[in-house]
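To keep things clear, I will list the structure first and then write my remarks on it.
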Amino acid sequence: MVHEVPTMTAERFDPAAADAKWQRAWDEAQAFRADSASARPTSYVLEMFPYPSGRIHIGHVRNYTMGDVLARYKKLNGFEVLHPMGWDAFGMPAENAAMEKGVHPGGWTRANIDHMKAQLKRLGFALDWSREFATCDPEYYGHEQALFLKLYAAGLVYRKESEVNWDPVDMTVLANEQVIDGKGWRSGAPVERRKLSQWFLKITDFADELLEGLGRLDAWPDKVRLMQENWIGKSTGLQFAFDLSNGERLEVYTTRPDTIFGATFVAVAPDHPVAQAVALNNCEAARFIDACKRGGTTAAELETAEKLGFDTGIGAVHPFTGAHLPVYIANFVLMEYGTGAIMAVPGHDSRDFEFATKYGLPIPRVVAASLEEAAEPLAEAEAGEGVIVNSDFLDGMSVEEAKREVIARLEGQGRGQGRTVWRLRDWGVSRQRYWGTPIPFIHCAACGIVPVPERELPVTLPEDVDFRTPGNPLERHPTWKHIECPGCGGPATRETDTLDTFVDSSWYFLRFASQPADRPFDKDELAKWLPVEQYIGGIEHAILHLLYARFWTRALQHIGLIDVAEPFAALFTQGMVTHETYSREQGGREVWFGPDEVERSGAGATLKADGGPVTIGKVVKMSKSKKNVVDPDAIVDRFGADAVRWFMLSDSPPERDLPWSEAGIEGCWRFVQRLWRLFDFADAAGADPALDRKLHRTIDAVARDIEALAFNKAVARIYELTSAIEKAAPSASRAAAIRTLAQLVAPMMPHLAEEAWARLGQPGLVAQSAWPAVDPALLVEDEVTVAVQVRGKLRDTLTVARGLPGTELEALALASDKVQRSLDGAAVRKVIVVPDRLVNIVA
RNA sequence: GCGGGUGUGGCGGAAUGGUAGACGCCGGGGACUUAAAAUCCCCUGAGCCUUGCUCGUGCGGGUUCGAGUCCCGCCACCCGCACCA
């Protein structure tokens, strides 16, 4: 597939020439510039902007190709389309590069952006580059600082001393969301707990709204909505106080007040004040608490962790029965959730069951399938629905009735009240890093925390920094942080923490839509574009990025800066690009080879270097360690942008993984050439009604498939139409079909489409043409094939005029030889006729 | 453990309860060519007693004239969460 022939011929499409030519033509025509003043209906198509790591990954190519098809299609349909691109440019890798290679994070980042931008340009994406920005541009992060100060003024930003997740390798604080199985999401190092003063965003103020809003995001994947719902973690229940035998009171929280008569013990977290108090005079208790703290926090350790408890000897008085329940310190109770203390109901909670079994505590049943089964023993905790039993005044009630009754009674006693508890915590945004947005605050010994005055924004990063020692270079910088207090004029210091980079990506879609110099955005201009009509990206952002972006949007709406509540009307999460792996046992270990080191034939594969066989392994996500990566530049060089784009859209549904294969891309390359040859035809006269129908059905189907993001189906339709055109005899219909085909493939193969459009003598750019109109009369066939079944099994088919009455269809079906043979003389009992589709004869 | 998803030829996958396997890849056969590449045509779920018949959408049941599709019960794999009271 080497392109020795540099010129375009009727027989051969040359992407090396065509791609650059049309990319230049689009640039010169500013074909994809979004005009906020346009009178057309608007459409905002957005793909998650990339982190400038150095090179575009094939996953980016898939993501951006999907968005591009949609954006181009929308434009053909008369929309003013906003399809922007930029760079999520702050973050750790730039600092790592600075530490490893001695380069400046800014220089490293900008060089990466330049390279990746050139890579994206080669793929011919219909992007409005005039709106490009990087989040590390002082203009961008300066506006971010202004927004942060506005949220502060509105009481949505606060500072508190708190125990934080400290990553000892990256030497920074992590949000709860960035701790995975007790390890840092980037470094993988076990996270430590430290006390630090941190900046927080009050996302919990919006917990209810964020949860409720999910219900209206019906163009989001259910999976993502569910993940966010679980993350927000709303639960409703009862908080009430037990009187303790030592004269104190103990607040507990439960979601199952209906099971209160089944409570047989009370448990507190090891760091609960009650536990701490006991430990003061009891060294055995202190030792137990210490042991609990040493327990691991990884998933595996938690799963196997035994339920352990320490009996404090204190009794808790049951509010209804007056019974004294033992109070335990228990390792499975969390201080961070609820009140850090629980009423334990072993009969109906699996953890309590396990604990009670171990310590020989009673396990009464208080919920049963029916009143008759009140005495049935419990073999395991039953958390389901049922009727309340063995519970005094609750007996016979449903779970829901009993919950209401218990809450009402304890509220009446002034002992407790109904309460909603959330799993969601406030978002800690302080990072002890250099390469991020400086948090615009000043610490003054006299005035305390002072916001940087707006006229002094942006607070820019100093250029002269040193990365030879770990930690925050801003902290060590000789002059940067020393400043006069804007309040009292005395000596003060700047905040040296920078913002979590997820803040940068929480409002970039607003800045794309509107970018005045003096403000973050213009409210009226935003109203023209927002919400994003279609957002496309990876499932890995289902919680963090998407929840934060939703929060920022709501917070900005709350303070009146914008008029939208939800930033992304529709969300699509695309699958990964995968590739088979090649390996060989060598010196007792598995050695991996890249696709370019291997010769792949039908059944097997050999290593180019020595001709020996290699094992073809599983098709998995592309990764450096397995060496199963393909480089976008290399494949664009070989096959051109259109074949690569076509591959990205073919075969696999876009939400599933797409296995890359050499054979597959070669097939796409052949199709590009096959299409090209089709455009070499002589005009002819005469109609071809069958081809007309095929064409219009294809236009209609491709449009619906693109709108549903079912690109693989659109691709299949285009293959079918191409075959039909190839087989058709020359006619005016055929000529029209070929012209229309150029438009149908324009969103997917824009370069070939432009070249063909020009070759056919059509005016202007196909990218700016109008999507072909469908003639509804041509969507229906005048002949249909009807299936004829006997006892539900296919025996024959009939080709008849569409709309043939059922009685006639039935007669034709019964007259069929094949039907009669199959019936073999049996009496017909019933005939089901579905006009234009099928006849089923039941004998 | 809880929650969610997926399961269809050698592979990626089509299929408003109505002809299972569209379309692509791989493979096979043929045409063209001195030859190869490219291109074009045909075949390609399995089996059999091959005008045709039987079986076939993870497994077992069910509803229906008719089930890949709906219902019940399993199995396998993938993803998310993780002692959240």
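So that the names make sense, note that chain A is the first sequence line, chain B the second, and so on, each numbered from 1. All of these numbers come straight from a predicted model, not from anything done at the bench.
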Out of A/Lys793, A/Gln789, A/Lys830, which residue meets the side chain to side chain contact (heavy atoms under 4.5 Å, CB included) rule with A/Asn840?
->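 So the option named by the test is A/Gln789.
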Using a 4.0 Å heavy-atom cut-off, does [X] contact any base of the nucleic acid, only the sugar-phosphate backbone, or nothing at all?
X	result
A/Leu226	sugar-phosphate
A/Asp349	nothing
A/Arg225	nothing

Could you tell me the separation between the [atom1] atom of [X] and the [atom2] atom of [N], rounded to a whole number of Å?
X	N	atom1	atom2	answer
A/Phe711	B/G12	CZ	C1'	17 Å
A/Arg837	B/A15	CZ	C1'	10 Å
A/Met576	B/G12	CE	C1'	15 Å
A/Ile832	B/G18	CD1	P	14 Å
A/His579	B/G12	NE2	P	15 Å
A/Asp657	B/C77	CG	C1'	13 Å
A/Arg795	B/G66	CZ	C1'	13 Å

Is there a side-chain contact between [X] and the phosphate of [N], meaning an N or O under 4.0 Å from OP1 or OP2?
X	N	answer
A/Arg12	B/A38	no
A/Lys223	B/G3	no
A/Arg670	B/C25	yes
A/Tyr337	B/A85	yes
A/Ser235	B/A85	yes
A/Arg677	B/C40	yes
A/Lys830	B/C65	yes
A/Asn712	B/C23	no
A/Arg656	B/C79	no

Quick one: do A/Arg697 and A/Glu781 make a salt bridge, cutoff under 4.0 Å?
->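 Answer for the salt bridge query: yes.
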Can you tell me which nucleotide in [options] comes closest to the side chain of [X]?
X	options	value
A/Val333	B/C83, B/A85, B/G18	B/A85
A/Pro659	B/U19, B/G52, B/G12	B/G12
A/Tyr253	B/A85, B/U16, B/G24	B/A85
A/Glu720	B/C83, B/U16, B/A22	B/A22
A/Thr797	B/U19, B/A85, B/U51	B/U19
A/Arg674	B/G24, B/U19, B/C83	B/G24
A/Lys307	B/C83, B/C26, B/G18	B/C83
A/Arg423	B/C81, B/C83, B/C25	B/C81
A/Arg821	B/G52, B/C65, B/G13	B/G52
A/Gln789	B/A85, B/C53, B/U19	B/U19

How are the rings of A/Phe355 and A/Phe332 set to each other: parallel, tilted or perpendicular (split at 30° and 60°)?
-> tilted
Should the pair A/Trp660 and A/Phe647 be assigned to parallel (<30°), tilted (30 to 60°) or perpendicular (>60°) ring geometry?
->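 Tilted: the ring planes of A/Trp660 and A/Phe647 meet at 30° to 60°.
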Going by purine N1 to pyrimidine N3 plus the second Watson-Crick contact, or the G-U wobble pair, all under 3.5 Å, which nucleotide sits opposite [N]?
N	result
B/C23	B/G12
B/G1	B/C81
B/G60	B/C72

So do A/Val406 and A/Asp258 actually touch side chain to side chain, heavy atoms under 4.5 Å?
->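 Answer no - side chains too far apart.
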Any N or O donor-acceptor pair linking the side chain of A/Lys713 to the base of B/C23 at under 3.5 Å?
->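 No.
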Does NZ or CZ of A/Arg423 come closer than 6.0 Å to the centre of the six-membered ring of A/Trp231, within 45° of the ring's axis?
->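 So A/Arg423 does make the cation-pi contact.
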Measure the CG-SG distance between A/Asp651 and A/Cys668 for me, rounded to the nearest 0.5 Å.
-> 7.5 Å
Using the glycosidic torsion, which applies to B/G4: syn (within 90° of 0) or anti (everything else)?
->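 It is anti.
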